[in-house]
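What follows is a single structure, written as structure tokens, with notes after it.
Position 1 is the first residue of the sequence, and the numbers go up from there.
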Amino acid sequence: MSTSNAFVKRQPRLPLPPWLRGLVVTLLSISVTMLGLLFVTFVIGRVMPIDPVLAVVGERATEDQYNAVFLELGLDKPLIIQFFYYVWDVVRGDFGTSLLTARPVADDIARVFPATFELATIGILFGCLLGVPLGVIAAVRRGSWIDQIARVVALVGYSMPIFWLGLMGLLLFYGILGWVGGPGRQGIFYEDMIPSVTGMILLDSAIAGDSGAFWDAFSHIVLPASILGYYSLAYISRMTRSFMLEQLSAEYVTTARVKGMSEWAVIWRHAFRNIRVQLITVIALSYANLLEGSVLTEIIFSWPGIGSYITTALLSADMNAVLGGTVVVGLVFICLNVFSDLLYKIFDPRSK
């Protein structure tokens, strides 16, 4: 054995730093999950009883036109090759062209997604700021009238159809009381007056410095966001109450009280601190559901978001728009899960 070979064999293998190892694992997990999502959407696009060629050329197209588009779409190639092309197009941000708008689906999604993002973000803030304290108080005052009210609020939020709440909210607060704006994102006077920078009308009007447009947009978003927030509030408050009841019955809480620690410190510095990681999961899932499941709210309030976009595309057999929107929604779920994992490491050092 030569000296150089012996030296190579005796070389110790340098381990990857923990942060780099975690980054590699996270990227691999995201890649595999995203690949699975693309496979599912690809299969859906192939099993749907819709001819993608006829959707493009129309039923009056000639046979030559049909065959030309058939070859252009690559439908003559094996499915594995079609899937490879599909993945490559998605990676490049190419979801095809929408049949309804005759524009790239990616451009349509970039136009409608900020509206849903703005609506869901205000809704989840409403749900968290009210749901978490309500759940904590209900657990601390278990069996009291506050606990009973919290449980009724959660039950109503779970039981009432969201479209019914939306219709009743429009009838009461817009039609009768006139406290809020009507359907849509802005009134007719302010429509298309604010330059679109982020696509979120509240932020764009604040950037433009137009207070009138800001409050007009706020009057339109406050009702649908409150209804979505109430839906998430019901779930968050119920889960917070359940988590807190488990912690308040633990021995360490009894020990802290015996030692003379104040009730505020026992509740918030000890019991609540131990449920933060669980709450992260609950809030992340609630936020993802608001981003993905606000279809009925957007339809009732004529809110031009991604939910109503996908629904309209599905009813019109615009599969490029449907699959593109589905991929974006799935990507949102993946990103929120990754963000939750990062928060785990911040709030729970044991997960590092």
Side-chain angles (χ1 to χ4, degrees), residues 22-52 55 73-75 77-101 103-117 119-121 124 199 232 235 280-296 298 305-344:
L23 179 61
V24 172
V25 172
T26 301
L27 291 177
L28 286 176
S29 176
I30 294 174
S31 301
V32 172
T33 306
M34 193 65 191
L35 190 63
L37 172 65
L38 294 180
F39 177 76
V40 171
T41 55
F42 175 80
V43 171
I44 292 174
R46 294 302 182 272
V47 300
M48 288 288 289
I50 299 174
D51 190 333
L73 294 177
L75 298 176
K77 296 179 173 58
L79 286 177
I80 186 65
I81 302 299
Q82 294 182 39
F83 178 65
F84 174 79
Y85 286 154
Y86 174 68
V87 172
W88 177 243
D89 288 339
V90 171
V91 169
R92 294 187 296 115
D94 182 9
F95 298 107
T97 302
S98 170
L99 300 179
L100 288 176
T101 63
R103 295 188 302 185
V105 174
D107 293 345
D108 286 342
I109 293 176
R111 174 176 53 85
V112 300
F113 184 76
T116 299
F117 179 78
L119 183 65
T121 300
I124 197 63
S232 64
Y235 178 60
I280 288 172
T281 303
V282 170
I283 293 173
L285 290 176
S286 297
Y287 190 31
N289 287 330
L290 294 187
L291 287 170
E292 177 265 340
S294 58
V295 178
L296 293 176
E298 291 183 356
I306 193 170
S308 58
Y309 175 76
I310 294 176
T311 303
T312 304
L314 184 61
L315 295 176
S316 305
D318 189 355
M319 292 308 298
N320 285 340
V322 172
L323 296 180
T326 304
V327 169
V328 170
V329 170
L331 183 60
V332 168
F333 270 88
I334 294 173
C335 292
L336 285 175
N337 283 329
V338 173
F339 184 65
S340 298
D341 291 339
L342 294 176
L343 292 180
Y344 289 163

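Nearest approach of Ala321 to Ala313, heavy atoms of both residues: CB-CB, 3.5 Å. Of all non-hydrogen atoms in Gly324 and Val105, the two that sit nearest each other are CA-CG1, 4.3 Å. Heavy-atom minimum distance, Ser98 versus Asp318: OG-OD2, 2.6 Å. Scanning all heavy atoms of the two residues, the minimum distance from Ala284 to Leu336 falls at O-CD1, 3.8 Å. The minimum heavy-atom distance between Ala115 and Gly305, with the atom names listed, is CB-CA, 4.2 Å. Pairing each heavy atom of Thr326 with each of Val322, the nearest pair is OG1-O, 2.7 Å.
Going from atom CG of Leu35 over to atom CD1 of Ile30 covers 13.5 Å, rounded to the nearest 0.5 Å. Leu100 CG to Asn320 CG: the interatomic distance, rounded to the nearest 0.5 Å, is 10.5 Å. Note that the OG atom of Ser232 and the CG atom of Leu285 stand 12.0 Å from one another [nearest 0.5 Å]. Rounded to the nearest 0.5 Å, atoms OG1 (Thr281) and CG (Asn337) are 8.5 Å apart.
Contact of the Val329 side chain with the Ile310 side chain is registered, since non-hydrogen atoms from C-beta on lie closer than 4.5 Å.
Residues in residues 108-117 take part in these salt bridge (charged side-chain N to carboxylate O under 4.0 Å, His left out) pairs, two or more places apart or across chains: Arg103-Asp108, Asp108-Arg111.
Side-chain atoms of Asp89 never come within 3.5 Å of backbone atoms of Asp94 as a donor-acceptor pair (strictly under, hydrogens ignored). Remark: the backbone N or O of Ile306 is paired with a side-chain donor or acceptor of Thr116 at under 3.5 angstrom.
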Tyr235 vs Asn289, side-chain contact (heavy atoms from CB on, under 4.5 Å): CA-CA, chis, key distance, verdict:
CA-CA 11 Å; Tyr235 178 60; Asn289 287 330; 5.9 Å; no
Residues 36-44, side-chain donor-acceptor partners within the protein, below 3.5 Å, at least two apart:
{"residue": "Thr41", "atom": "OG1", "partner": "Leu37", "partner atom": "O", "Å": "3.2"}
{"residue": "Thr41", "atom": "OG1", "partner": "Leu38", "partner atom": "O", "Å": "2.9"}
{"residue": "Thr41", "atom": "OG1", "partner": "Tyr86", "partner atom": "OH", "Å": "2.8"}

